[in-house]
Amino acid sequence: MSKFDDIRPFYDEEVNDALQSVSKHPMMKALMRFTFPDRDDSFWLEKLENVHSIYDFQSKVIYQTVLQILEKSSEGLSTSGFDKLDKNTSYLFISNHRDIVLDTSLLNLVLFEKELIMTSSAIGDNLVGKKILHIIAKLNRNFLVQRSVSIREQLSSSKTLSDYIYQLLTEENRSVWMAQSEGRTKDGNDVTQQGVLKMLAMAAGDSSLIDFFKNLKIVPLSISYEYDPTDALKMPQLIAKSKNEVYVKNKNEDFKTIISGVLGQKRRIHLHAGKVLNQELDCIAHQFENKNKQLQAIAQIIDKSIIGNYKLWPTKYIAYDLLYKTNLFSDLYTEEEKQLFERRLEMRIKDSDETLRKHFLEMYANPISNKMKYEQKSTV
């Protein structure tokens, strides 16, 4: 027994038995028929029989799934920054977070194609309540963030999670993906929570905070979808937040969001891998002695990288101009692109609901507002 058994993915020797236990499940059948649309069931059943490791499953099955998603619901994936990464080095990708499944799936597709070390990725246990979803997550090298534990257990759970991430990066040479904050960003404001960094630092032991974070080799990751396939689904939670109300999810809301994210139209997608944090951390060590100040500064440099390298698609500029009733960015999009966006807005939001319309436009426009703020700071 390992202290990580409750959160870890499958070991390779467990993979084949786990796959065979779910191969005839309706959800697995649907996934395989989507992945291999021109093949009969015997083709993928035989393929699953010959999967004996997580790498096998990711490279022979999930890679094809993600290619199908891109073909059916996007106009392509572009990348930048990954050529600066070393093929034999593990990295901690700290990322903005838009989609429950796709963010990590797209990153691993890129890492696989560029022969870089693929990630073990954090996922909230609230998202894999169904046994079949939990098994698929473990097959895809996801580890659990235990959000359903009691307040009394949270400290112990966070320490276990921190130790596991540190073990993956430093002992197993396994890259790790995790979101910069708990849950997906609903309003387009990408902000690194200090709590995430504090959790990571629980494994620091006797190391200085700065040396510890340098050892993790943090790569800020910027993910940008031209269209957010779950934009309308995020509205109720944003409305509740604006009213200081507690939002309670419907029973199958997360599952519906996963399906919408996979199948909904995204148009173009861009992933940018920022520079590994190193000299910036040395500067922080010289500036601050207080650990909380250091954590705050680390969060800020992650934010600066994610926001600064976030790909601004025409939809962002259109939303900004509509929201603020301006033509400031009108030279960065076409009339046809504007009409398409306005049609999407009309289909999702009633004309009479000004509050919803504002939240919808802010979701797309806020990355521009945030980038402008950072650019202003850097010129002061």
Side-chain angles (χ1 to χ4, degrees), residues 1-11 14 92-95 97 100-101 103-104 119-138 140-172 174 176-186 191-209 212-213 215-216 218 236-238 240-241 243-255 257-258 290-296 298-299 302:
M1 284 286 290
S2 159
K3 70 174 182 176
F4 304 127
D5 280 349
D6 288 341
I7 65 171
R8 66 170 176 82
F10 287 120
Y11 294 133
E14 299 169 329
L92 172 58
F93 293 93
I94 297 185
S95 168
H97 190 20
I100 294 170
V101 170
D103 291 354
T104 54
T119 69
S120 191
S121 303
I123 189 169
D125 61 358
N126 56 303
L127 301 174
V128 290
K130 296 178 188 292
K131 186 178 180 181
I132 178 69
L133 290 178
H134 191 191
I135 289 173
I136 292 173
K138 291 177 70 173
N140 207 30
R141 216 188 297 275
N142 290 116
F143 59 88
L144 293 185
V145 178
Q146 295 176 311
R147 294 192 178 131
S148 54
V149 296
S150 67
I151 294 175
R152 193 171 61 179
E153 296 171 307
Q154 283 177 4
L155 185 63
S156 171
S157 174
S158 294
K159 180 66 167 70
T160 301
L161 180 62
S162 180
D163 289 343
Y164 183 63
I165 291 170
Y166 187 70
Q167 175 178 295
L168 287 170
L169 290 163
T170 62
E171 296 179 26
E172 299 183 27
R174 170 63 54 195
V176 171
W177 175 95
M178 64 184 309
Q180 65 183 151
S181 58
E182 184 179 324
R184 291 168 301 135
T185 301
K186 312 296 191 303
V191 179
T192 302
Q193 288 178 344
Q194 277 183 245
V196 170
L197 300 180
K198 284 181 179 178
M199 179 277 293
L200 289 169
M202 293 175 82
D206 295 329
S207 300
S208 75
L209 198 65
F212 173 76
F213 278 108
N215 198 31
L216 298 184
I218 296 172
Q237 198 161 343
L238 286 174
K241 183 180 177 182
K243 296 178 178 178
N244 291 318
E245 295 174 354
V246 176
Y247 179 74
V248 180
K249 291 182 181 179
N250 295 325
K251 185 179 178 183
N252 292 313
E253 185 171 329
D254 286 328
F255 183 68
T257 299
I258 289 171
N290 180 276
K291 286 187 177 181
N292 282 330
K293 292 281 188 184
Q294 289 180 347
L295 288 171
Q296 185 179 358
I298 293 169
I302 293 171

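Quick caveat, the model's predicted, so the values are computed rather than measured.
- Note: Gln154 CD to Met199 CE = 12.5 Å, rounded to the nearest 0.5 Å.
- Nearest heavy-atom pair across Asp103 and His97 is OD2-ND1, 2.6 Å.
- Under the 4.5 Å side-chain criterion, counting only non-hydrogen atoms from C-beta, Asn215 is not in contact with Phe212.
- Counting heavy atoms from C-beta outward, Leu92 and Leu200 have side chains that approach closer than 4.5 Å.
- Residues satisfying the side chain to side chain donor-acceptor pair (under 3.5 Å) test with Asp5, not counting sequence neighbours, are Arg8.
- By the 4.5 Å heavy-atom criterion applied to side chains, Ile94 and Leu197 are counted as neighbours.
- Side-chain contact between Leu155 and Met202 is present, with heavy atoms from C-beta onward closer than 4.5 Å.
- Applying the side-chain contact (heavy atoms from CB on, under 4.5 Å) rule to Val145 yields the partners Ala122, Arg147, Leu161; only residues at least two apart in sequence or on another chain are considered.
- Side-chain contact annotation: Ser181 with Gln193, donor-acceptor N/O pair under 3.5 Å absent.
- Ser120 contributes a side-chain N or O that, together with a main-chain N or O of Arg141, makes up a donor-acceptor pair within less than 3.5 Å.
- For Ser150, the side chain to side chain donor-acceptor pair (under 3.5 Å) criterion is met by Glu153, not counting sequence neighbours.
- Looking at Ile123 and Thr104, their side chains never come closer than 4.5 Å, going by heavy atoms from C-beta outward.
- Of the possible polar contacts, one joining the Asn290 side chain to the Asn292 backbone as a donor-acceptor pair under 3.5 Å is found.
- For Tyr11, there are no ring pair (Phe, Tyr, Trp, His ring centres under 6.0 Å) partners two or more places apart in sequence or in a different chain.
- Expressed to the nearest 0.5 Å, how far CD1 of Ile100 lies from CG of Leu127 amounts to 5.0 Å.
- With sequence neighbours left out, the side chain to side chain donor-acceptor pair (under 3.5 Å) criterion links Asp163 to Lys3, Lys159.
- Evaluation of the side-chain contact (heavy atoms from CB on, under 4.5 Å) rule for Ile132 yields Val22, His25, Met27, Lys130, Ile136 as partners, not counting sequence neighbours.
- Considering only residues two or more places apart in sequence or on other chains, Tyr164 meets the ring pair (Phe, Tyr, Trp, His ring centres under 6.0 Å) condition with Phe4, Phe143.
- For Lys131, the side-chain contact (heavy atoms from CB on, under 4.5 Å) criterion is met by Ile135, not counting sequence neighbours.
- Scanning for side chain to side chain donor-acceptor pair (under 3.5 Å) contacts around Thr119 gives Asn108, Ser121, with sequence neighbours left out.
- Legend: side chain to side chain donor-acceptor pair (under 3.5 Å) pairs involving residues 194-209, not counting sequence neighbours, sorted by first then second residue: Ser208-Asp211.
- In terms of heavy-atom proximity, Asn142 sits nearest to Pro9 at O-CG, 3.5 Å.
- Under a 3.5 Å cut-off, the side chain of Ser162 and the backbone N or O of Ser158 do not form any donor-acceptor pair.
- Of all the heavy atoms in His134 and Leu144, the pair that sits closest is NE2-CD1, 3.5 Å.
- Taken from OG in Ser157 to CD1 in Ile7, the straight-line distance is 7.0 Å, to the nearest 0.5 Å.
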